Each structure stands twice: as C-alpha cells, then as structure tokens.
Amino acid sequence: MFVASKAVALQRELGRFALIQPLELDRVEIVAGLDVGYRKSLGYAVALAYDVRNQREVCWVAVSSEVEIPYVPGLLAFREAPLMVAALKELVEQCTEIDVVMVNGHGLAHPRRAGIATHIGLALDMPSIGIAKKKLFGDLVEENGRVAIYVEKQKVGYVVEYRGAKTFVTVGHRVDPDTALELALRIWREGARFPEPIELADKVSKKVAKELG
DNA sequence: GCGACAG
DNA sequence: ATCTTGTCGC
C-alpha cells in the first residue's frame with residue numbers, strides 16, 4: 001500500500017541525486033512529451049515524440065491502467081510516473097529513440113527537489129524537464145526581463161508568461177535552467193500554452209481518455 | 001490560526 | 001485531473 005510518510009522520505013533521498021548540468025542542444029534531435037489524461041480512475045498516459053530539427057510530431061503511443069494512488073500535492077510522481085514510464089518505454093520500442101523527456105509537472109521546483117520530472121529523469125538516467133501550469137514550490141525572482149524560480153538559493157527554472165498565462169519550465173535531471181529554457185523555446189509555438197511535445201501530449205491524452213473508456 | 005497546495 | 005455547451009467578448 002501507499003504510505004505518504006515513506007514516499008516523502010524516499011523523495012528526500014532521490015532529490016540528492018538530481019544533476020543540474022549543461023546539455024548539448026545541438027545533439028538533441030527528438031524530445032518526448034509525457035502527460036496523463038483520465039476518465040474516472042482510469043489513467044491514459046501518452047508519450048509523444050517530437051522532432052526538433054523538422055519541427056514536427058513523429059509518433060505517439062498510449063498505455064492505460066487503473067490509477068490507485070490519490071493525488072496529493074508534492075507526491076504526484078507516485079500517482080503518475082509509473083504509467084508515464086511505461087508509455088515512454090513503449091514509445092522507444094515501437095517508434096523511436098529519444099534524447100530528452102519533457103513531463104507535465106515540476107522538476108526541482110519541489111519541496112524535496114523531487115518533482116515528477118526529476119523522478120522520471122533519475123529512473124531512466126536521461127535529461128528531463130518539467131513543464132507546469134501552476135507553481136508548487138520555490139521563490140520567483142525577476143532577472144533582467146525574465147522571472148526565474150529558485151529553491152534554496154539555487155536557480156532551478158524559469159517562468160514563461162504570455163498574455164497573463166504562466167508556464168513553469170524547471171530542471172528535472174541532467175540539464176541546467178538556461179538550457180532547459182532554450183530548448184523549450186525552440187519548440188514552442190507562438191501563443192501556445194506549452195512547448196509542442198507537452199501541448200500535443202496533453203491534447204492526445206485527453207482525447208484518448210474521452211474516446212476510449 | 002492562516003495561506004499554499006504540480007495533476 | 002474530471003464532470004460539461006453554449007456563450008459573452010476582444
């Protein structure tokens with residue numbers, strides 16, 4: 001069964017292994033977007049591959065399962081990461097290898113440096129970036145025309161604002177704040193709420209959850 | 001006690 | 001996140 005206190009203890013340990021380091025964007029060809037849509041307690045995780053150079057969707061896969069763990073702020077990873085990882089593995093088997101993964105949720109902007117994007121990056125030992133619509137944890141600091149988000153004096157990401165709508169781009173694992181932001185902006189349609197991989201995975205997961213049962 | 005609280 | 005269509009406004 002799920003014990004919140006145990007989950008919290010595990011995150012304190014996990015967070016210590018997250019790496020903030022530069023990532024060579026010239027070598028990033030495919031970015032995967034991960035999101036989960038629901039119909040009642042049935043979750044549908046979608047993993048979608050996006051080609052950075054050609055600015056286009058490559059393919060996507062969806063996997064579903066009954067989701068038993070409740071949503072608790074700070075513990076989202078225990079509820080959604082298992083399905084997301086299953087979807088990502090399916091994507092790699094059925095379609096293509098990927099270089100970076102973007103996850104709907106936060107990365108290091110978390111009370112224990114262990115948001116869902118960090119959990120997934122560490123689990124797969126791969127660069128990961130969190131993309132979220134609302135703040136969970138951290139301090140917002142204005143820096144030359146931009147808003148950065150800090151956790152314990154350490155910069156972990158940025159806020160992208162467009163016509164009042166904010167989107168948080170945070171480090172998950174094996175990437176740094178500036179590189180994460182630059183990559184996200186390279187694949188962000190003008191006026192869209194999220195970078196394309198997440199924008200598309202979000203729409204597909206909702207549609208799949210609605211059409212199937 | 002009060003405010004905050006990813007999806 | 002999800003339950004849910006149309007409608008008011010730029």
Side-chain angles (χ1 to χ4, degrees), chain A residues 2 4-5 7-8 10-12 14-15 18 32-48 62-88 101-123 128-140 147-152 156-173 177 180 184 190-191 193-195 197-213:
Chain A
F2 180 66
S5 59
V8 167
L10 171 57
Q11 289 187 320
R12 291 188 201 295
L14 265 187
L34 255 38
D35 194 16
V36 180
Y38 294 87
R39 181 178 174 182
K40 294 295 182 62
S41 58
L42 243 194
Y44 290 85
V46 167
L48 183 150
V63 301
S64 70
S65 170
E66 199 66 40
V67 176
E68 313 280 8
I69 310 300
Y71 166 69
V72 176
L75 302 180
L76 174 66
F78 296 93
R79 172 178 167 83
E80 302 188 337
L83 255 190
M84 285 182 169
V85 169
L88 191 56
V101 56
M102 285 190 175
V103 184
N104 193 325
H106 285 289
L108 295 179
H110 177 282
R112 295 170 292 280
R113 295 170 55 85
I116 190 168
T118 299
H119 273 250
I120 291 176
L122 285 169
S128 66
I129 298 169
I131 303 295
K133 194 155 44 177
K134 294 179 289 186
K135 191 183 89 167
L136 169 66
F137 187 80
D139 306 307
L140 272 34
V147 176
I149 182 165
Y150 281 76
V151 169
E152 294 168 4
V156 298
Y158 289 99
V159 181
V160 173
E161 194 167 350
Y162 187 71
R163 298 183 183 178
K166 297 177 180 175
T167 297
F168 298 77
V169 177
T170 64
V171 172
H173 182 48
E190 183 68 20
R193 182 58 193 274
F194 301 122
I198 292 298
E199 183 80 14
L200 297 171
D202 175 60
K203 289 175 180 172
V204 174
S205 66
K206 283 174 179 168
K207 174 177 289 185
V208 169
K210 187 173 195 174
E211 297 180 346
L212 297 180

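Below, read A as the first sequence line, B as the second, and so on, with proteins coming before strands; counting in each chain starts at 1. None of these values were measured; they are calculated from a predicted model. Values reported hereafter were calculated over all heavy atoms of this structure, with side chains retained and with hydrogens, waters and symmetry mates removed.
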- Nucleic acid footprint by protein, nucleotides 3-10 of chain C - heavy-atom cut-off 4.0 Å, B for base, S for sugar-phosphate alone: --------

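- The shortest non-hydrogen separation linking A/Ala18 to A/His173 is CA-ND1, 3.7 Å.
- Counting any heavy atom pair closer than 4.0 Å across all strands shown, A/Leu83 reaches no nucleic acid atom.
- Nearest heavy atoms, A/Val46 versus A/Ala62: CG2-CB, 3.9 Å.
- Judged as a side-chain hydrogen bond (donor to acceptor under 3.5 Å, both in side chains), the pairs with a partner in residues 63-76 of chain A (not counting sequence neighbours) are, in order, A/Ser41-A/Glu66.
- Residue contacts shown for A/Gly74 include a base, since a base heavy atom lies under 4.0 Å away.
- Contact check of residues 110-121 of chain A against DNA chain B (heavy atom, cut-off under 4.0 Å) returns A/His110, A/Gly115, A/Ile116.
- With the 3.5 Å cutoff on both pairing distances, Watson-Crick and G-U pairs in DNA chain B never assemble into a run of at least 3.
- A/Ile120 and A/Ala81 get closest at one heavy-atom pair: CG1-CB, 4.1 Å.
- Around the NZ atom of A/Lys135, the shell of radius 6.0 Å holds more than 12 heavy atoms that belong to other residues, nucleotides or ligands.
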- Message: Checking A/Leu83 against A/Val63 for the side-chain contact (heavy atoms from CB on, under 4.5 Å) test, could you report, in this order, the C-alpha distance in whole Å, the side-chain angles of both residues, the deciding distance, and whether it holds?
- Response: CA-CA 7 Å; A/Leu83 255 190; A/Val63 301; 3.6 Å; yes

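- A donor atom on one side chain and an acceptor atom on the other are found under 3.5 Å apart for A/Arg193 and A/Thr167.
- Between A/Lys207 and A/Glu211 there is no salt bridge, since none of the side-chain N atoms of the basic residue sits less than 4.0 Å from a carboxylate O of the acidic one.
- Looking at A/Val101 and A/Leu88, their side chains come closer than 4.5 Å, going by heavy atoms from C-beta outward.
- Close placement of the A/His119 and A/Phe78 rings is indicated, their centers lying within 6.0 Å of each other.
- Taking each heavy atom of A/Ala184 and A/Pro195 in turn, the nearest pair found is O-CB, 3.8 Å.
- Shown here for A/Arg79 and A/Ile69, the closest heavy-atom pair between the two residues is NH1-O, 2.8 Å.
- If you take OG1 on A/Thr170 and CG on A/Leu108, they are separated by 6.5 Å, rounding to the nearest 0.5 Å.
- Nucleotides of DNA chain B that come within less than 4.0 Å of any heavy atom of chain A span, from the 5' end to the 3' end, B/dC5 to B/dG7.
- Looking at A/Ile131 and A/Asn104, their side chains never come closer than 4.5 Å, going by heavy atoms from C-beta outward.
- Rounded to the nearest 0.5 angstrom, A/Leu34 CG and A/Ile116 CD1 are separated by 8.0 Å.
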- Nucleotide-level pairing of DNA chain C, given in dot-bracket where Watson-Crick and G-U pairs need both distances under 3.5 Å and | marks other strands: ..........

